[in-house]
Amino acid sequence: MVSIPAEIISTGRELLIGKTINTNASWVASQLISKGIIVSRITCVDDDVDAISGAISEAISRDSPIIIITGGLGPTYDDLTSEGLASALRLPREVNPQALGQVRSKYISMGLPITPARIKMANLPVGAQPITNPLGTAPGIHAVSGRSAIFALPGVPAEMRAMFS
């Protein structure tokens with residue numbers, strides 16, 4: 001039996017300073033292991049475009065077939081995963097119509113306006129596809145680079161778990 005390796009990248013200063021325990025990485029690892037996928041590395045980086053980009057670039061350079069990123073997809077100033085991913089892939093970002101539809105639909109259903117910060121969540125690397133978030137507002141991101149399939153999921157544990165499948 002051939003084992004497929006995977007890497008997990010968690011973003012967030014709250015993880016690095018011990019304010020939040022990284023339950024997402026351990027949960028994702030247990031899910032992957034249960035499917036016969038070997039977790040070869042778990043990396044945690046700050047809310048910083050260069051740090052995120054560097055971690056993704058390193059994983060891609062190792063030809064990791066599966067890269068799962070958790071955190072940093074929301075509307076706040078420190079949600080920088082999409083930017084970091086675009087930087088690692090050397091691609092520009094643009095508003096993805098499907099992602100924008102998901103964001104718009106969520107906020108309209110809550111009776112809230114669509115603000116520039118909320119539209120930011122639909123700004124994906126060119127060619128990336130959104131992953132539907134059934135619980136929250138931030139779509140996930142699916143991108144491919146060489147042999148690597150990259151999946152970026154929100155940091156909110158319930159949202160990340162719902163989207164993982």
Show the atom names and distances, to 0.1 Å, of all donor-acceptor pairs under 3.5 Å that link a side chain in residues 28-36 to residues at least two apart or in another chain.
| unit_1 | atom_1 | unit_2 | atom_2 | d |
| --- | --- | --- | --- | --- |
| S30 | OG | W27 | O | 2.8 |
| S34 | OG | Q31 | O | 2.7 |

L73 backbone acceptor or donor facing K120 side chain under 3.5 Å: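 Checking the backbone N and O of L73 against the side chain of K120, no donor-acceptor pair under 3.5 Å is found.
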Exam field: side chain S109 to backbone K106, donor-acceptor pair closer than 3.5 Å: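 Yes: the side chain of S109 pairs with the backbone of K106.
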Smallest separation among heavy atoms of L80 and D47, with atom names: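 Answer, listing the atom of L80 first, then D47: CD1-O, 3.6 Å.
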Which atom of Q98 lies closest to which atom of N96, heavy atoms considered: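 That closest heavy-atom pairing would be N-OD1, 2.9 Å.
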Exceeds 12 heavy-atom contacts within 6.0 angstrom, atom CD1 of I17: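 For I17, atom CD1 is crowded (more than 12 foreign heavy atoms under 6.0 Å).
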Counterpart residues, salt bridge (Lys or Arg N to Asp or Glu O under 4.0 Å), relative to R13 (two or more places apart):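 Only D46 meet the salt bridge (Lys or Arg N to Asp or Glu O under 4.0 Å) criterion with R13.
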Could you pull out every donor-acceptor pair under 3.5 Å between side chains of residues 51-59 and any protein atom, sequence neighbours left out?
| unit_1 | atom_1 | unit_2 | atom_2 | d |
| --- | --- | --- | --- | --- |
| S53 | OG | S87 | OG | 3.1 |
| S53 | OG | A88 | N | 3.2 |
| S57 | OG | S53 | O | 2.9 |

Residues forming a side chain to side chain donor-acceptor pair (under 3.5 Å) with D50, sequence neighbours excluded: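 D50 satisfies side chain to side chain donor-acceptor pair (under 3.5 Å) with no residue once adjacent residues are dropped.
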Within-4.5 Å side-chain heavy-atom neighbours: L124 and P130: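 The answer is yes; the side chains approach within 4.5 Å.
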Could you list the donor-acceptor pairs under 3.5 angstrom formed between side-chain atoms of residues 137-162 and any protein atom two or more places apart in sequence or on another chain?
| unit_1 | atom_1 | unit_2 | atom_2 | d |
| --- | --- | --- | --- | --- |
| T137 | OG1 | Y107 | OH | 3.3 |
| S148 | OG | S64 | O | 2.6 |
| E159 | OE1 | N133 | ND2 | 2.7 |

Hydrophobic cluster partners of L15 (side-chain heavy atoms under 4.5 Å):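 Cluster partners of L15: none, it stands alone.
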